[in-house]
Structures are given as structure tokens and as C-alpha cells.
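Heads up, the thing below is written out as C-alpha cells.
Chain naming here is simple, since letters A, B, ... match the order of the sequence lines and numbering starts at 1 in each.
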There are 2 protein chains.
Amino acid sequence: MDIQSIKVACSGCNLRELCLPMGLKPQELEHLDQIISNRRRIKRGASLFSAGEAFTALYAVRSGFFKTCITSADGRDQVTGFQMMGEIIGMDGIVHDQHACDAIALEDAEVCVLPFDRIEQLSREFSALQHHVHKIMSREIVRDQGVMLLLGTMRAEERLAAFLLNLVQRLHARGFSQSELVLRMTREEIGSYLGMKLETVSRTFSRFMEDGIIDVRQRYVLIKDTQALERLVNPPMRN
Amino acid sequence: MDIQSIKVACSGCNLRELCLPMGLKPQELEHLDQIISNRRRIKRGASLFSAGEAFTALYAVRSGFFKTCITSADGRDQVTGFQMMGEIIGMDGIVHDQHACDAIALEDAEVCVLPFDRIEQLSREFSALQHHVHKIMSREIVRDQGVMLLLGTMRAEERLAAFLLNLVQRLHARGFSQSELVLRMTREEIGSYLGMKLETVSRTFSRFMEDGIIDVRQRYVLIKDTQALERLVNPPMRN
DNA sequence: CGGCGTTTTGATAGCCATCAACTTCAGTGG
DNA sequence: CCACTGAAGTTGATGGCTATCAAAACGCCG
């Protein structure tokens, strides 16, 4: 078994409990291995795909960090999500056979290419995979609705608190610290995602630090009081 | 052929070009007819499903108007979408086998019940249907990202203009006027969807009327200058 | 016709954007 | 090794947009 074939096997991937293979049986996993045709490396700042490009595949983030963003006709930019290892990108492209957003690597990254026609083909054979694909798309829909709630109803402090909690929670699920993280994105990108200006992001970080809730030094963040953040996101009761 | 069987057939439905059957071949359509087990009537103000309820089916809106909304732990409410005839609701429920939001009828409505296990089953047999289901979910993801752009970057006037244009465009695709519409939702529901307060919605309507862009009388809206609305959504260029 | 939910409109306040200056950091080349 | 340079981040002052509070007008339904 040469190195190449090891590299592209879901069955041996340390992300298999988080990524596409999650919950599949060994036999089904082997079939998945067949469709993971290859990997792609993306340098920091480069795009995995851009809006308008032909859609051919989904991508599973193997390592590194991405942002997805859409640009409106008049040049407004909105970050619609940050993706880390084990997460799937590209489902926006299915409707119109072309991508609706840009996916840009925030650091050197590697993705598994999942040709979508192969996914559909295999989904027809294995209902477990089929259902799993549906769940992944549904999860994305629910996630987006959560962002709508954030953008529609929350104030700056609440948004940033929710953002930090969401990030550490996802990192923790991948074996990282519950209370410590390194931001892979700029204040401006955080702001674009949360619907606020970069200055407001910076100020809000500073306020959290004054309040003793977190320590921030540039991209490094230490969460000192998780419950305080949770209280910010979910105030005792507003009525 | 009794009335009942006429009623529940996709193949004879006047919405078939917009709804789930869109683009399917006659043969595939017949199979779809089998899984459309029944209809459900929902009275104005009643819920089609609520957050936390077990997920069993998607629903195709046959007539009437719905809103979907999520409620956060502390009671904040966010309308995540308005659905009209020919549109599919319920995909939020797939991930966790229970619905993540409430779907509430804004007027007396009727939906076709699409048991999801039957959809998956039939999807395995007919790749056209399979791909179509994927497109519908992808469309929802892209729509949600558009709402994020709206909530994250637009100001009140731009949001309401985008909202009105989106509504008439969808109504026009269903054979209604391009310039006239009756809102099925309150100012408060519009505001919740657009991330603004009902007073701001009302004021913005008034401003549009002063500017001669629209006529508003309660729920009735006449769009007098579509291009003016489009200019509001897409300013000449911001840079 | 009365009652109530919905909508409109006004006055005021507050949050965040904007503009601006300065600091810190990372990467580069002398 | 260190100075240089530009990007990223911080902080301050100010203004504007929208929320909030309040009251009145309107329309719907029993």
C-alpha cells in the first residue's frame, strides 16, 4: 500500500467520526474510499472555489481553515461561515450547477474532493450514506437559521459571545481546548460574519477583557469565564 | 377517478412546474403521486409543525402562506422565512429528526404531506428525483445566505426594498402581478424577518410612499417604480 | 357599535458606524 | 541582526440610524 492510497482513505482518516463518514458502517466506508478521488492543497489566501465557477464537487476540510463569503452586485461582502476540519463546503453550488459563494483559505489548507455525481450515485446504493448527506445539508440550513437569529436580534456583545462559544465548542469537538483558541480570521472578517464593523469587534473584545471574561492578545483568545459568555448570549430572560 | 385521488396527484397539480415535480418526466411523476399520501389543512394562526416535534415529512405548500421562525432560549424570536404555494417546508428537521423551527400559517392553508422516508426511498430509484431534492435543499441554503447578506450589510430601506422585490418576483412566477401584492404578514413579522422593529418597517413604507415609489394601504402594496426599488437594493456602487 | 389588534407618527435616546490617529505585529531585505 | 514597511488591531471623538417609548388613528370582527 503506497502512501498515496493511505492518504485518501476515509476509513483510515482521523476525522472520520466528524466528517462525511460519520456513523457509516465499515462496508459503506470502503465505498466512500472509492469516491474520494483526490486531495487538494490551498495556500493561505487562495480560493477553493469562487462564485460563478462550475460546481462539480463538495469538499471536506482536512486541515486548515476556510471562510465562505458572498458579494452582492454593488460590492458588499458578507462572510457566511467559517469552516474547520471535518466540515463540508460547497453545497451552495448544487442548485444552479455553479457556486454561489467564494471559499477562501484563511491558512494553508487541504481538502478532500468529493465529486458530487459520485456521491449521488453511491447515495442511491447505500441509504445510510444518502441519509447522511441529507443530514449534512439540513445541518447547514439549521446553522444558517441560527446566524439569522444572531444577525436579526442580537447586539454586538451578544454576537461576539455567541461567535466565541460556537468556535470553541467546535474546536473542542475536535480535541482542542475548551477555553483557549487562536483566531484564524481578522477582525474585519469576524465583523463581516457578525454584521458589525471591525472597530466594534475590537472594542467588544476589549470590553470583554476589561470585564475579566477573556484574555485577548491579537489572534490568541483565552476564555476565562465561559458562563459569563453564555449569560451574554442568553440573558436571564427578556420579555 | 374520485375527487380524492385527483386532489392528491402531483401529475395533475397546477403547481407542478414550481413545486417538487419540477422538471420530472411523466413516468417519474407517477411515482411521486404514490408518496403524496395526503393533504393537511392548517387554519390561520395554527402551526404546521413546531420546534422539537418529531420530523417525519416535508411539506409542499399547496395554498396559503406560511412563516417559519425560531425562538432562542431567552425568548427572542426570528422569522427565518415566508413560504408561498409551490415551496417546500421542513428541511430543518432532517438533521436531528426533529424540527428546529415553527411553521405557522399566516392564512388558511393547505399542504401536501411528503413522508421523508418515502422521498428517500424513491430518490434511490430515480436519480432525477434525487438530484431535484438536493437542488431544493441547496436552494434553501443559498436563500439563507442571501438573507445573511441582507441582515449583515443592508440598512432599513435597502432591506425592505429587497423584501418587496423578492415577494413580487416569487408571486409573479406564480402568475400574479409584478407590481401589486397583498402582504400576508404583519409589520412586526416583516420586521422580525428583516431584523428591524415594526415601527421602522412602517416608517420605511411611509418614506417609500412619500418618494412615490410605492402605494401602501395597510396590507395592500402597489409598486409604482420597480427600478427605484432595485436602485435601493443595489446602489450604483459603493466602494 | 364597541373593543382590540394593527398601523402610523412623533419625540428621544442609545448603539454602533464612521473618521481619524496611533500602536502592534509580521514579513522582508539590507 | 535590525531597520523598514504595510497590514492588522486598538482607541478616541462624533454623528447617524434605528430602537424605544408614547399616543393616536385605523380597520377588523363579533
Side-chain angles (χ1 to χ4, degrees), chain A residues 43-45 65 67 76-79 104 106-108 150-164 182-211 214-221 232 235 238-239, chain B residues 43-45 65 67 76-79 104 106-108 150-164 182-211 214-221 232 235 238-239:
Chain A
K43 281 241 159 278
R44 169 193 174 136
F65 221 90
K67 69 170 177 182
R76 269 180 279 213
D77 221 64
Q78 171 77 20
V79 172
I104 293 167
L106 297 178
E107 56 185 350
D108 290 0
L150 181 146
L151 291 173
T153 72
M154 293 187 177
R155 294 174 314 103
E157 287 192 354
E158 303 169 325
R159 294 183 195 196
L160 192 61
F163 172 72
L164 288 174
V182 175
L183 301 170
R184 299 273 119 103
M185 67 294 285
T186 67
R187 301 289 189 263
E188 185 167 22
E189 287 162 337
I190 297 173
S192 173
Y193 180 59
L194 298 178
M196 46 206 258
K197 293 289 143 183
L198 68 95
E199 295 96 325
T200 307
V201 175
S202 179
R203 266 185 253 274
T204 308
F205 270 129
S206 299
R207 199 170 321 140
F208 284 175
M209 201 148 75
E210 286 169 27
D211 298 348
I214 63 174
D215 272 353
V216 195
R217 267 184 64 85
Q218 301 290 129
R219 303 288 180 95
Y220 170 84
V221 178
L232 275 175
R238 62 165 51 195
N239 204 14
Chain B
K43 282 240 158 280
R44 170 193 173 134
F65 221 90
K67 69 170 178 183
R76 270 180 279 213
D77 222 64
Q78 171 77 20
V79 172
I104 293 167
L106 297 178
E107 56 186 349
D108 290 0
L150 181 146
L151 291 173
T153 72
M154 293 186 177
R155 294 175 312 103
E157 287 193 352
E158 303 169 324
R159 293 183 195 197
L160 193 60
F163 172 71
L164 288 174
V182 175
L183 300 170
R184 299 272 118 103
M185 67 294 285
T186 67
R187 302 289 188 262
E188 184 167 20
E189 286 161 338
I190 296 174
S192 173
Y193 180 58
L194 298 178
M196 46 206 257
K197 293 289 143 182
L198 69 95
E199 295 96 326
T200 307
V201 174
S202 178
R203 267 186 251 273
T204 308
F205 269 129
S206 299
R207 201 171 319 139
F208 284 174
M209 201 147 76
E210 285 170 27
D211 297 346
I214 64 174
D215 272 353
V216 195
R217 267 183 65 84
Q218 302 289 129
R219 303 286 179 98
Y220 169 83
V221 177
L232 275 174
R238 63 165 55 194
N239 201 12

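Side-chain proximity of Arg219(A) to the nucleotides dT6(C), dG27(D), dG9(D) is greatest for dG9(D).
Per the geometry, CD belonging to Glu188(A) stands 19 Å off P belonging to dG6(D), to the nearest Å. Atom P of nucleotide dT10(D) and atom CG of Leu160(A) are separated by 11 Å, given to the nearest angstrom. Spacing between atom CD of Glu189(A) and atom P of dA7(D) amounts to 15 Å, rounded to whole angstrom units. With rounding to whole Å, Gln218(B) atom CD is found 16 Å from dG5(C) atom P. In this structure, Arg187(B) atom CZ and dT9(C) atom C1' are separated by 13 Å, rounded to whole Å. Following rounding to the nearest Å, Arg217(A) (CZ) and dA8(D) (P) show an atom-to-atom distance of 19 Å. Between the CG atom of Leu183(B) and the P atom of dG5(C) there is a distance of 21 Å, rounded to whole Å. Distance Ile190(A) CD1 to dA8(D) C1': 12 Å, rounded to the nearest Å.
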Next on the checklist: Determine whether Leu183(A) and Val216(A) satisfy the following criterion, side-chain contact (heavy atoms from CB on, under 4.5 Å), listing intermediate values before the conclusion.
Outcome noted: CA-CA 10 Å; Leu183(A) 301 170; Val216(A) 195; 5.7 Å; no
Checklist entry - Which is it for Met185(B) and Val79(B) under the side-chain contact (heavy atoms from CB on, under 4.5 Å) test, yes or no, and what are the steps along the way? => result CA-CA 11 Å; Met185(B) 67 294 285; Val79(B) 172; over 6 Å; no
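Dense packing is recorded around CZ of Arg219(B), with more than 12 heavy atoms of other residues, nucleotides or ligands lying under 6.0 Å away. Within 6.0 Å of CD on Glu199(B) lie more than 12 heavy atoms contributed by other residues, nucleotides or ligands.
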Let me check something: any side-chain donor-acceptor pairs from residues 200-210 of chain A under 3.5 Å, sequence neighbours excluded? List them with distances.
residue   : atom : partner   : partner atom : Å
Thr204(A) : OG1  : Thr200(A) : O            : 2.6
Ser206(A) : OG   : Ser202(A) : O            : 3.1
Arg207(A) : NH1  : Glu157(A) : OE2          : 2.8

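Remark: the backbone N or O of Lys197(A) is not paired with any side-chain donor or acceptor of Glu188(A) at under 3.5 angstrom. Between the side chain of Arg187(B) and the backbone N or O of Gln218(B), at least one donor-acceptor pair lies under 3.5 Å. Proximity of a side-chain donor or acceptor of Arg159(A) to a complementary backbone N or O of Leu194(A) within less than 3.5 Å is detected.
Considering only side-chain N and O atoms, Ser206(A) lies under 4.0 angstrom from the phosphate OP1 or OP2 of dT11(D).
Axis angle between the ends of the helix from dC1(C)-dG30(D) to dG30(C)-dC1(D), five pairs each and rounded to 10 degrees, works out to 40°.
Contacts of Thr186(B) with the nucleic acid, taken as non-hydrogen atoms under 4.0 Å apart, involve only primed sugar atoms and P, OP1 or OP2.
Using a 4.5 Å heavy-atom threshold, the side chains of Arg184(A) and Glu189(A) count as separate.
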Between the protein and nucleotides 17-19 of chain D, list the N/O to N/O atom pairs that are separated by less than 3.5 angstrom.
residue : atom : partner   : partner atom : Å
dT18(D) : OP1  : Ala156(B) : N            : 2.7
dA19(D) : OP1  : Lys197(B) : N            : 3.2
dA19(D) : OP2  : Lys197(B) : N            : 3.3
dA19(D) : OP2  : Thr200(B) : OG1          : 2.2

